[in-house]
Amino acid sequence: MKRLSFTLLVLILSLQVSAQRGKNVRQSKPLTEKDMGAYLFTFFSDPTHSLFMAISYDGYTFTPVNNGKPIIAGDSIAEQRGIRDPHIYRAPNGKFYIAMTDLHVFGRQRGLRDTQWERPEKYGWGNNRGLVLMASDDLIHWTHHEARIDLLFPEHFGELGCAWAPQTIWDPAVGKPMVYFTIRQEPGGRTKLYYSYADEAFTTLETEPQLLFEYPDEKIQVLDADICPMPDGRYFMTYVAQENPGGIKYMISDRINHFDDYHAEQIDGENTGCEAPNVWKRIGEDKWVIMYDIYSVRPNTFGFVETTDFKTFTPLGHMRFVNDDTQDQSEDKGIMKIKNFTSPKHGSVIHITKDEAKRLETYWSSQSH
């Protein structure tokens with residue numbers, strides 16, 4: 001009887017401690033920009049179709065973790081055995097979300113399938129149907145789930161041509177993560193931008209995709225949107241219009257899920273095709289960087305412009321690739337660099353704390369030995 005009473009007492013005390021810890025976590029203040037001291041860059045590479053991470057403490061030079069090797073292999077999480085277009089988001093609920101395209105462009109060459117694409121050519125380039133959704137509390141341990149658009153919403157998207165380049169933002173009015181991405185709704189159609197709401201655990205999409213906006217020229221395909229909150233409470237959206245050349249345009253709205261403020265000019269300043277814009281703020285400065293993938297050059301690279309007012313955009317040049325043991329031989333005089341890695345594709349950047357950055361570096365350093 002005494003042993004039973006002692007056991008019950010220990011159990012009660014343990015439950016009280018656990019409840020208090022949970023209470024403390026819930027009551028802790030959300031982190032703000034003042035708590036941030038580093039930047040985390042996620043991207044993929046064509047040779048691996050896997051996920052990479054790099055860290056910067058100054059917002060100008062990024063160094064990959066894990067000695068430049070993938071932190072998650074695409075064939076371990078994706079139905080098509082490869083991922084593309086990773087976008088990372090730091091949510092106000094304390095979670096980190098990564099959304100990715102489930103697609104391996106070189107599946108046939110790698111022996112993963114017998115055909116160029118998973119489905120017949122009539123569905124168009126890539127013709128995948130799924131997104132990979134991942135969530136983490138610490139940037140190291142991740143859950144992952146497949147969101148098949150055709151299976152989730154068969155009435156209107158059962159025969160969709162593709163589902164690409166998902167990104168995430170928290171909708172404060174709904175209290176859930178909003179995932180927005182490119183869809184070709186039917187074979188032979190043009191790509192448009194849609195949004196849907198995910199569950200907070202980031203395991204699936206709960207609402208049927210809705211149009212984010214309609215482009216004025218119905219013959220032009222649009223894709224690769226990025227939505228960034230502005231200081232005045234409005235939202236700044238960059239996206240790609242596949243004109244000649246394809247480039248980065250923008251709209252501004254006071255609604256997170258509807259845009260109609262069309263601007264005809266491109267803001268990238270390139271004379272060749274680019275895609276995959278991502279906007280991020282410099283810590284402690286009223287400056288926002290618009291980063292984009294210049295896919296039309298070989299080797300591909302990133303370009304950058306910077307803004308303080310979301311109206312004028314100052315070119316920062318192209319990303320320079322440098323190594324620890326060699327001098328930078330790049331002719332480009334851009335101020336953005338990546339060390340010990342070449343040709344990252346379709347990236348995204350978030351703020352992290354210095355402790356989070358150090359923890360990531362320490363963890364991946366231990367894994368690579």
Side-chain angles (χ1 to χ4, degrees), residues 30-33 36 39-43 85-101 131-137 139 142-143 145 147 149 163-183 192-213 222-240 248-261 275-283 288-293 307 310 346-352:
L31 296 179
T32 68
E33 186 178 331
M36 302 299 156
Y39 305 80
L40 180 62
F41 176 27
T42 59
F43 55 93
D85 319 323
H87 177 265
I88 189 167
Y89 177 69
R90 182 178 202 124
N93 63 359
K95 288 186 174 293
F96 298 93
Y97 297 129
I98 296 180
M100 298 175 281
T101 306
L131 309 176
V132 178
L133 305 179
M134 302 203 314
S136 175
D137 296 317
L139 293 169
W142 294 88
T143 61
H145 295 83
I149 310 303
W164 296 337
Q167 300 204 178
T168 309
I169 190 170
W170 190 267
D171 187 338
V174 177
K176 288 185 178 182
M178 186 182 93
V179 181
Y180 51 101
F181 49 101
T182 304
I183 289 179
K192 298 183 180 182
L193 288 162
Y194 292 77
Y195 70 93
S196 173
Y197 288 97
D199 62 319
E200 193 168 348
F202 221 53
T203 65
T204 190
L205 300 180
E206 296 183 328
T207 64
E208 184 173 274
Q210 303 294 319
L211 272 175
L212 194 59
F213 75 94
V222 293
L223 61 153
D224 292 1
D226 179 277
I227 300 173
C228 172
M230 297 170 63
D232 62 6
R234 294 181 299 165
Y235 297 94
F236 178 75
M237 181 182 72
T238 48
Y239 66 99
V240 173
I248 313 303
K249 295 190 173 186
Y250 78 95
M251 295 186 188
I252 294 176
S253 176
D254 57 3
R255 295 170 57 187
I256 199 170
N257 57 14
H258 178 78
F259 291 81
D260 55 18
D261 173 44
E275 61 186 6
N278 179 240
V279 183
W280 44 277
K281 187 179 183 296
R282 293 204 183 277
I283 298 171
W288 285 261
V289 177
I290 297 96
M291 175 176 73
Y292 50 87
D293 189 329
T307 186
F310 299 94
H346 202 127
S348 61
V349 174
I350 61 168
H351 298 163
I352 58 175

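- Between the CG atom in Asn93 and the CZ atom in Phe202 there is a gap of 10.5 Å [rounded to 0.5 Å].
- Under the 4.5 Å side-chain criterion, counting only non-hydrogen atoms from C-beta, Tyr239 is in contact with Met251.
- Using a 4.5 Å heavy-atom cutoff, the side chains of Tyr97 and Trp170 are in contact.
- To the nearest 0.5 angstrom, Ile227 atom CD1 is 9.0 Å from Ser253 atom OG.
- In terms of heavy-atom proximity, Thr307 sits nearest to Phe310 at OG1-N, 2.8 Å.
- The closest side-chain heavy-atom distance from Lys192 to Leu211 is below 4.5 Å.
- Tyr194 pairs by the side chain to side chain donor-acceptor pair (under 3.5 Å) definition with Gln185, not counting sequence neighbours.
- With hydrogens and angles left out, the side-chain atoms of Asp293 and His346 include no donor and acceptor closer than 3.5 Å.
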Kindly determine whether Thr204 and His145 satisfy side chain to side chain contact (heavy atoms under 4.5 Å, CB included), including the steps that lead there.
CA-CA 7 Å; Thr204 190; His145 295 83; over 6 Å; no
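- Looking at Phe259 and Leu193, their side chains never come closer than 4.5 Å, going by heavy atoms from C-beta outward.
- At a threshold of 4.5 Å between non-hydrogen side-chain atoms, the residues His351 and Leu31 do not count as touching.
- Atom NZ of Lys95 and atom OG1 of Thr168 lie 13.5 Å apart (nearest 0.5 Å).
- Listed here is the closest heavy atom pair of Ser348 and His87: OG-CA, 3.3 Å.
- Of all non-hydrogen atoms in Leu205 and Ala147, the two that sit nearest each other are CG-CB, 4.3 Å.
- Of the residues Asn257, Val179, Asp171, the one that meets the side-chain contact (heavy atoms from CB on, under 4.5 Å) test with Tyr195 is Asn257.
- Summarising the geometry of Ala165 relative to Asp85, their closest heavy-atom pair is N-OD2, 3.5 Å, with the distance given to 0.1 Å.
- To the nearest 0.5 Å, atoms CG (Asn278) and CD1 (Ile88) are separated by 10.5 Å.
- In this structure, CD on Gln167 lies 4.5 Å from CG on Asp226, to the nearest 0.5 angstrom.
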Begin with the C-alpha distance, continue with both residues' side-chain angles, and end with the deciding distance and a verdict on side chain to side chain contact (heavy atoms under 4.5 Å, CB included) for Val240 and Val222.
CA-CA 6 Å; Val240 173; Val222 293; over 6 Å; no
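- Between Phe41 and Tyr39, the gap from one ring centroid to the other reaches at least 6.0 Å.
- Applying the salt bridge (Lys or Arg N to Asp or Glu O under 4.0 Å) rule to Glu200 yields no partners; only residues at least two apart in sequence or on another chain are considered.
- Evaluation of the salt bridge (Lys or Arg N to Asp or Glu O under 4.0 Å) rule for Asp199 yields no partner, not counting sequence neighbours.
- Qualifying side chain to side chain donor-acceptor pair (under 3.5 Å) partners for Gln210, counting only residues two or more places apart in sequence or in other chains: none.
- Looking only at side-chain heavy atoms (C-beta outward), Ile169 and Tyr89 come within less than 4.5 Å of each other.
- Listed by chain and number, the residues in a salt bridge (Lys or Arg N to Asp or Glu O under 4.0 Å) with Asp224 amount to none (sequence neighbours excluded).
- Looking at heavy atoms from C-beta onward, Arg90 lies in side-chain contact with Met36 at the 4.5 angstrom threshold.
- A distance of 10.0 Å separates OH of Tyr250 from CD1 of Ile290, quoted to the nearest 0.5 Å.
- Considering only residues two or more places apart in sequence or on other chains, Arg255 meets the side chain to side chain donor-acceptor pair (under 3.5 Å) condition with none of them.
- Put simply, the side chain of Phe96 does not reach to within 4.5 Å of the side chain of Thr42, judged on heavy atoms.
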